[in-house]
Structures are given as C-alpha cells and as structure tokens.
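Just below is one structure, and these are the notes that go with it.
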Amino acid sequence: MYGAQLPSLVPLLPGLVLGIGAMALLMLGVFRGQSFGRVVDFIAIVLLVVAGAVLVALPPGKLTTFGGSFVVDDFARFLKVLALIGSAAAILMSLDYAERERQQRFEFSVLVLLSTLGMLMLISAADLIALYLGLELMSLPLYVVAASHRDSLRATEAGLKYFVLGALSSGMLLYGASLVYGFTGTVSFSGIAHAAGQETGAGGTGLIFGIVFLFAGFCFKVSVVPFHMWTPDVYEGAPTPVTAFFAAAPKVAGIAMFVRTAVMAFPGITGQWQQILVFVSIASMALGSFAAIGQRNIKRLMAYSSIGHMGFALIGLAAGTSEGVQGVLIYAAIYVTMTLGVFAVILAMRRSGGMVETIDQLAGLARTNPTMAFFMAMLLFSLAGIPPLAGFFAKFYVFLAAIKAGLYVLAVIGVVTSVVGAYYYLAIVKIMYFDEPAESFYSMPAELRLVLIVCGLFNILFFVYPGPLVGVASAAASSLF
Amino acid sequence: MIIHAIFFWLFATVCVGSAVMVIASRNPVHSVLFLILAFINAAGLFVLIGAEFLAWILVIVYVGAVAVLFLFVVMMLDVDFAQLRQGFLNYLPVGVIIGGILLAELLTVLFGWAISPEIGKVITAPIPPSSEISNTQALGLVLYTRYIYFFQAAGVILLVAMIGAIVLTLHHKPNVKRQNISEQIARTKSSAIEIVQVKSGQGLSS
C-alpha cells in the first residue's frame, strides 16, 4: 500500500550534514576529551557553513519529500540561511567567553548544531507532526544550554523556568494541533487549508478554538505578549553567548513556523487569525517600548527590545499578504544582524573584575574605545529605526504592508511605539558619548570585532544597495502564496 | 454487548476516580500509585475499542517505565509537599476565576461544535478495516514507510535528551581520585614496588 523505497533525501541534505556532523563531533569530543573543545567549535562552524552551501546548491524551485511533510521552497531557503548565520555567529562569539570563564565544553557546539537541525526541520515543516518534532528538537538543546552553568543559581533558574514554561506552551500547542486535526481530519497544511476552506462546519468554532491554542504556543516560542514572561529572566540568567544564540536563530525559526502555518494552513480564514495577530503585535510593541525604559541590565533590556521587535515583525504577518510576508522576512534578516552586533558588544564588556552587564558600565565608551562605541551607536540607532539605517527599512516594509492591507490603526500604533522605544536606545548612546568614562574594557577579541564590524557595516550601508535582500525576500514571500 | 458496556463503565469510572485521587491524595507516593491505576484502566478502555497495541504500549511504557520512575523520584527527593501547598490558598481565588472563565468558554464552544461529515474522506492515512489487518500490523505498515521522517526525528530528539541529561549532571572534578580497573590489572610487580639496598648507617637519600 505504501512504496517500500525510501523517499528522496535531497531536500534533507543540509539537515543531514548537520545531524551526522553533530553525531561525529559528539564522538570526537567524548573520545578526545574536553581539551579538544576548541577544534569541535571550529568544525561546528565549518559544518554550518557547509550546510548553508549545500542548501544554496539544492535544485531550484519547490522541493517536497516524505509525502509533503518536508518542503524546501524559497521561503525556507531564505530563513534557513538566516538561521545558519545566526547559529554560526553564536558559536563564533562563544569562543572567547568559553576560554575566559573556563566553561569550555564541546557539548555546547554539538547542542547548537542539533538545535539548528531542529530549526531547519521547523522552517521546512509542512504538517503538524513535523512542526512539533522540529520545534522540540530546536527547544530541547536550548533548555540545556540555558542551564549549562550548573553552579550559577541564575543560570539554573533561567534554564528551569524556560523548560517548565516551554513544556507548558508545547502542551497548549499540541492541544491546539489535536483540535485542528480532529476538525479537519488531516495534519498536512494543504489538507487543513482544503478542509478549512469548505464551509461545511469544519471551518467552524472548533477549528478556530484549535487555532487559538496553536497560536498561543507559537506566541510563546517567539516571545510575544502575553506569553513573554520568561524572556527577560532567561535572557538575564543564561550565560551571555547562550543569550546571543537565543536572541537570533530560534527567533527566525519561530517566525518561520508562525508564518508558514498561518499562510499555508489557514489561508481561507485569514479574518479569524488576523485579529489575534493584531492584538499580540500591538501588546508586544507597547510592552517592548515601555517596560524597557526602566531596565539597567543590558541583557534584560535586549529581552524587552526583542519582544518589541517580534511585535513589529508580526505586523507584516497580520497583514496576511505576500507583501506583508516579504516585510516579515526583511525584518527577520535585519533583526538578526542588529542583535548579533549588539551582543558582540555585550560579550566584550569585560574588565578586570570580570563580565559586567549594567548599562552604566558603558559610560564614556566613546573615549575609551571609539570604534566599538561608534558601531554600537549605529546598531542602537538601527534598532530604534532611525533612517537611513537598516532598522528603518525593516519597519518601513512592514508598516507599508499593514497600510496596504488597511490596518491603519496598527501601523499608527507601531510608529508611536517605535518613537517611545527610541528613548531607551538613545539613552544608551547618551551614556556612551556624554558620560564620564568608566574604567576601560579589555580589548575586544578578534572574532567579536569581526561580528560587530560586519553587522555594523551591514546596517549602515544597507540603504546604498537594498535591492538584493528585498528582491530575495520578495521571491521567498511569493513562494508561499 | 452488555458485558462490553459493563466493562466500559467499570474502566471509565475507576479511571476518572483515580485521576481525581492523583491530585487529591496527600501522600505523593499514593498519587503515583493512583496514576498507575488510571493508566491501567485507560489501557482497558483501549482494549475495548480494539486498539490492543496501544493498550499494551500504555502498560509497558507508562506503567512499566514512566510511572515507576516517578515513584523512585518521589521517594528519593525529600520534598515536603505540605509545605509546597502552603501558598495554595492564596492563589485559589485567581485560579478559580481563570478556571471558571476557561470552563465557560469551553462550554460555549461545546454547544456550537459541529464536526464536518466529510472529514472521513480527507484523512491522509486511511485506517484499514480491522477484519483485514490487526492494528499492530497497520501501525507497522506506516510507521517505517510513510512516517519514517517523524520516526527518525523522534530518535534525534531522544539523542538530544540523552546528551542534555549528561551535560547537566556529569561534572568531572579535578581532585577526585577514580578507580581505573584496567590500570589496576595492568600493574606489575616491577611498577608497584621498588627494592632498594640500604647500606647500614646511611639511610635513604630521597
């Protein structure tokens, strides 16, 4: 009844590279001991790059395998490359930290690789089971690395909190998925779309009830209000390179899951989920802007900032159009570069007493380390959305899509909250440029400098030649519709 | 048929009753034992609808492994549950309000519930009639063919769980002396003792 031959594994190749590579590295690390950790880290970065190259080299167009549950289209390619970049940068940025804090453990890289494999599966998932498995494979290593400083109370608390709330949200997601399955009779997105489109009762209250639970689970994973509670504590408690990892790649995968499910599985009932998204994006933008003002810890501040940014990104999805999805993709790409750059600076905040995390410690950075201060200021302006930096264009495309879809109120609230949010970004710039210098930091390790300069230059120079990214994002978005 | 109905009510009543007892009993060990009872009755319900494979999986995996593991954890961790429940009354009003709202919503939805008659036609992997094929065989036919991807992905997740457990619990302390059996066995007389000729009146220099 079913073919005995194995389905095509070609679309799966980048994932196979990561999965088999991670297992090989695990063996290497176990048999050669912890002193081999550095080599494992480098090989892990190489594997991520190779996976990216394989991904780009896959035959063009839409590839599906395993009965349609695994899809590689332009949308998946775009976000997968982004997730791979985020993970590779996170490992690169952890090198110096691991050495100085004597936390050199090869398992970190292996877990990051496996988590990235989960992201790739999640981005490609075109049915509910594949989605859930990808999500768990992505999240489980995150729980572990969050708690990996076992002796630190804060890290353990962060890991435990993340795990318990993550398990709760998985439960909600599964409940939603089971309702959706029960009312449509299938787990595949195209089948759900087909069943939901027929007005014979399947698209009724039961299905919507399922969607609400499903979206609640998604909202937790991308940390938007009202499911954001874990974010500040986990960002603050987890070791800083781990936070840098959390803030970039998993967010990309989470957005991918959100967009693909909403657009592919529920296209006929846009009106039903649009209002959920409008509410969560307004609430997240507002909370992200107002709650961050009082923060003194820069990692906590970045947590609120990420809540706000996810709110902005979801505006594009709320529009529910191809342009909206294009806006989301551009936003995700620019958000990743901004976040990685800022975390490169946070990881370089180290002086004789060890790592520091409060904003006041950045005082007078412009005099002690002008280059770092300049790039940090540019990234902060970009986060605030000040033209002509990249962050402005990110917001521009999602607001444009919202206006074209008739969501004027949403766009106006978005602009207002981004102005409010600009306050705390500018406050950091003020501290760096106009306050009395604090003791200077140790000089920045080369790999952090590399990440900072690449991200900074991308944000500064994006307006000169935005064509490629916008074009690719547009093609990726239209592959979903 | 009447026996079928009697057993259904028996299993269902005991299952719900023991589920209530899981959260109601004061002693955590009793809770786990009631949980096992609930699992076994759920397995009985599965047998009644002809899903014997699921029934046995439930007994073997949940009763045999998971619940027993729970029991060990509960007995080994000296958690004072009475103390844990002290704050319970403070949160009770909020919990009752939220639970009440949720229940009201669920009931509203329940009355507007309508299951599409066409659902049977769209299911992806049709269930073969039980007269042709046993349900263990039916699961086996799709598990390693159509669902091979999910099966393998679940395997990778289990690998991650294993790595995670080791990362979080295994710590090599530098000053701990460990037993190395192969080294002990490989010891010879010459590597273990040294015979020194000591001249009288001089002693050992080092």
Side-chain angles (χ1 to χ4, degrees), chain A residues 1-7 12 19 22-23 26 34 65-70 105 107-108 110-111 114-115 117-118 121 127 129-130 132-134 136-137 140-141 143-145 147-148 150-151 156 159 182-188 191-192 194-195 198 200-209, chain B residues 98 101-129 132-133 137-174:
Chain A
M1 50 200 293
Y2 294 103
Q5 79 277 24
L6 198 64
L12 214 63
M23 289 175 210
L26 195 63
Q34 293 289 352
T65 184
F66 296 117
S69 28
F70 193 91
R105 313 195 60 188
E107 288 99 337
F108 176 74
V110 173
L111 287 169
L114 287 168
S115 179
L117 171 62
M121 288 164 54
D127 79 27
I129 304 178
Y132 179 68
L133 289 172
E136 284 303 300
L137 185 54
L140 262 179
Y143 305 143
V144 177
V145 290
S148 58
R150 212 181 54 154
D151 304 328
T156 325
F183 280 91
T184 57
T186 173
V187 286
S188 88
I192 293 172
H194 177 70
Q198 300 169 329
T200 52
T205 330
L207 182 65
I208 293 163
F209 207 63
Chain B
I98 295 177
I101 293 173
L102 211 63
L103 184 69
E105 283 176 350
L106 274 169
L107 287 178
T108 336
V109 171
L110 205 63
F111 289 117
W113 224 232
I115 295 180
S116 162
E118 279 142 55
I119 279 177
K121 293 176 200 158
V122 291
I123 45 180
T124 23
I127 307 155
E132 280 175 25
I133 196 166
Q137 212 176 349
L139 280 173
L141 277 176
V142 288
L143 186 59
Y144 304 107
T145 52
R146 187 167 193 294
Y147 295 117
I148 178 84
Y149 171 55
F150 305 147
F151 187 74
Q152 291 298 325
V156 180
I157 294 174
L158 287 179
L159 174 72
V160 170
M162 199 177 80
I163 300 172
I166 294 172
V167 169
L168 290 180
T169 51
L170 183 72
H171 275 234
H172 286 296
K173 295 213 176 82

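A quick note: this is a predicted structure, and the numbers were derived from the prediction, not measured. Below, read A as the first sequence line, B as the second, and so on, with proteins coming before strands; counting in each chain starts at 1.
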*Quick one: of A147(A), A130(A), G67(A), who has the most non-hydrogen atom pairs under 4.5 Å with chain B?*
A130(A)
_Max heavy-atom pair count under 4.5 Å with chain B, selected residue of L114(A), L140(A), I129(A)_ = I129(A)
*So what's closer than 4.5 Å to chain B heavy atoms on L133(A): side chain, backbone, both or neither?*
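L133(A) touches chain B through backbone and side-chain heavy atoms alike.
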_Segment of F108(A) engaging chain B (4.5 angstrom heavy-atom cut-off)_ =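 Neither; nothing under 4.5 Å.
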*Can you see which heavy atom on V187(A) is nearest to which on I192(A), and at what distance?*
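Where V187(A) meets I192(A) most closely, the heavy atoms are O-CD1, 3.9 Å.
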*Heavy-atom pair of closest approach, residues T186(A) and G191(A)*: CG2-C, 3.4 Å
*Which residue out of I163(B), T169(B), I166(B) racks up the most heavy-atom pairs below 4.5 Å with chain A?*
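Most heavy-atom pairs within the cutoff with chain A belong to I163(B).
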*Any idea how Y144(B) and F151(B) line up, ring-wise: parallel (<30°), tilted (30 to 60°), or perpendicular (>60°)?*
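Perpendicular: the ring planes of Y144(B) and F151(B) meet at over 60°.
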*Is there side-chain contact between P7(A) and Y149(B), with at least one heavy-atom pair below 4.5 Å?*
no
*Please report the C-alpha distance between V156(B) and M121(A) in whole Å, then the side-chain angles of each, then the deciding distance to 0.1 Å, and finally whether the side-chain contact (heavy atoms from CB on, under 4.5 Å) criterion is met.*
CA-CA 12 Å; V156(B) 180; M121(A) 288 164 54; over 6 Å; no
*Give, as side chain, backbone, both or neither, the part of L168(B) having an atom under 4.5 angstrom from any heavy atom of chain A.*
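Answer is both: backbone and side chain atoms of L168(B) are under 4.5 Å from chain A.
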*Below 4.5 Å from any heavy atom of chain A, which atoms of I157(B) appear? Answer side chain, backbone, both or neither.*
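When you check distances to chain A, atoms from both the backbone and side chain of I157(B) fall under 4.5 Å.
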*First locate atom CD of Q152(B), then atom CG of L12(A), and finally report the distance between them rounded to the nearest 0.5 Å.*
10.0 Å
